[in-house]
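By convention in this document, chain letters (A, B, ...) are assigned in the order of the sequence lines, proteins followed by strands, and residues within each chain are numbered from 1.
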Amino acid sequence: MSGVAIPAPLTPVGAARLLVLRNFLVYRSAWKLFLTGFLEPVLYLFSIGIGVGQLIDSFEFHGEQVPYAAFVAPAMLATSAFNGALLDSTFNVFFKLKYEKLYDQMLATPLSTGDIARGEIIWGLLRGSVYSAAFLVVMLAMGLVESWWAVLALPATVLIAFAFSAVCMALTTWMKSWQDFDKITLAQMPLFLFSATFFPVEAFGDGVLRWVVEATPLYRGVVLCRELTTGVVTWESAVSVVYLAVMGVIGLLVVRRRLDTLLLT
Amino acid sequence: MASTASAPRPAGTLSVWEGMARQYDYWLTVYKRTWRGGVANSFVTPLFYVLAMGVLLGGFIDADPARLEGATSYLAFIVPGLVAAHAMTLAVSESTYPVMGAIKWHKTFFAQLATPLAVRDLVNAFLAFVVFRVASACAVFMLVLAPFGVFETWWGPLLAWVAQVLVGTAFAAITFGYSARLRSEEGFGLVFRLGVLPLTLFSGAFFPISNLGPVLEWVARLTPLWHGVSLSRMFCLDTVDWPLAAVNLAVLVGLTVVGWVWSVRGLDKRLEV
């Protein structure tokens, strides 16, 4: 190897930085969509939390009475992280993978499939954290935060977004057409509506149904956020954290393997 | 017609009905190929909402007719509003991307204009198709809900259904006009975030607009969806206030007419070659 300078291989951090920078440049032209992205949970909070909340007194959560708006707000925080991660890692990734052939182009550079998986997910997490932070400020301003534990709600939303981004990106690699996204919607709606977002999990009774709900990932996220903002932190919180972290790591490993088979063979 | 100089187009040679009838087979083919994709959106999603908000959340809500605009349960309150909001959502989504597609991506409208069809006929047939989608989705929705005991009379839901279809027509016409003028699809994201979602949440579908406080209540009354929700609910709950119903009806019909004129003008300008 003489004469020709071979560029040093990218470190994972350097690669992720490049991908994030690229996404940032692309998004600069769509700043209106970026800016309004945080509106959705706020509108839900005002409508359901306050409008419908006037018809409801308060709910019991881990033995404490929580006013309805304070009950719904952390759920909106968690579900907005969930929705954002889901959109970013399905529609956007599918478009880039299948139509834009963006990842093929990237692989012609020193980037690896692992870099792509990590970079895309990190970008999604950064975007989502901006929204979550803004929403937490809204909650604080409305007096819906009842404990210093709420500081940890931001990392909690990042964890939720990580778990769903990784798994959904993995699922997207199996998709063949836009029609397949109906299946995503069919999973997203019930998760959003039945994860104890708008009413306590007790509504499902004490049977199997409740166990099923408690075992779904979004429920873990919603309860985790609710525990942190109301300050009723229990051992269940640790269960949720481990659950979501494991889910994310598995998703990430699958994404990498799938991108290898799709793009490198 | 402005463009007759460059490309002579026998515009207006067909009657309104003939102009629509000639596109029947086209839209039938579109329907045959796309109805499956719409099933989740049209039927399953709204039913999830009814179950989650109406049945489960409703179980925690004290059903006081004085607070719920005359409804004896939260489910009975929320159903007419949800269906009206659903009619709006469907109408808007069916007249956003498909319109841009027909102009910009697939250029269907240009192809159709090369026939004796005029811009007016294209708009009519397109809107008729959207209204058909909305009407069938709302009909199924209302039929499924009938056994839940949320309707007070047998004729009310029929009139409510007409009101819901009218909501769909008004929103489809206005959205078509907007889409016909839009250059980039980024604008659709804003329509859903700044239009459809706030309307769904604050037009009295989920809670009585009196909960908003006096000022915002009046703002809600000015939104087109509220008029649809109000009509739909009055008919379903048999609490019809006829003068109010006349106002609601006039607003929706007025919007439809304005939207239609706006659509035809917008598309006419856009398709000038």
Tell me whether the count of non-hydrogen atoms from other residues, nucleotides or ligands lying under 6.0 Å of [atom1] in [X] goes above 12.
X	atom1	result
A:D57	CG	no
B:W218	CH2	no
B:D25	CG	yes

| task | Under 4.5 Å, counting heavy-atom pairs only, tell me which of B:L190, B:V55, B:D62, B:T34 racks up the most with chain A. | result |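 Heavy-atom pairs under 4.5 Å are most numerous for B:L190.
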| message | Would A:F46 and B:L201 count as a side chain to side chain contact (heavy atoms under 4.5 Å, CB included) here? Give the steps. | response | CA-CA 9 Å; A:F46 280 130; B:L201 290 173; over 6 Å; no
| message | Applying side chain to side chain contact (heavy atoms under 4.5 Å, CB included) to A:L193 and B:L51, what does each step give before you reach the verdict? | response | CA-CA 9 Å; A:L193 291 168; B:L51 202 60; over 6 Å; no
Quick one: what part of [X] sits under 4.5 Å from any heavy atom of chain B, side chain, backbone, both or neither?
X	value
A:F192	side chain
A:Y68	side chain
A:F198	both

| field | Residue among A:Q54, A:M189, A:K183 with most heavy-atom pairs under 4.5 Å to chain B | value |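 It is A:Q54.
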| field | Contact leader toward chain B among A:T185, A:I50, A:I56, where contacts are heavy-atom pairs under 4.5 Å | value |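 Max contact count across the listed options: A:I56.
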| query | Relative to each other, are the rings of A:F199 and B:F60 parallel, tilted or perpendicular (30° and 60° limits)? | reply |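 Aromatic pair A:F199/B:F60 classed parallel.
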| task | Go through the atoms of B:Y49 and report whether side chain, backbone, both or neither lie under 4.5 Å from a heavy atom of chain A. | result |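 Contact with chain A: backbone and side chain both.
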| field | Within-4.5 Å side-chain heavy-atom neighbours: B:L194 and A:L39 | value |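 Yes; the side chains approach each other to less than 4.5 Å.
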| request: Take A:I48 and B:M53 through the test side chain to side chain contact (heavy atoms under 4.5 Å, CB included) and record every step on the way to the result. | output: CA-CA 10 Å; A:I48 310 289; B:M53 306 300 292; 3.7 Å; yes
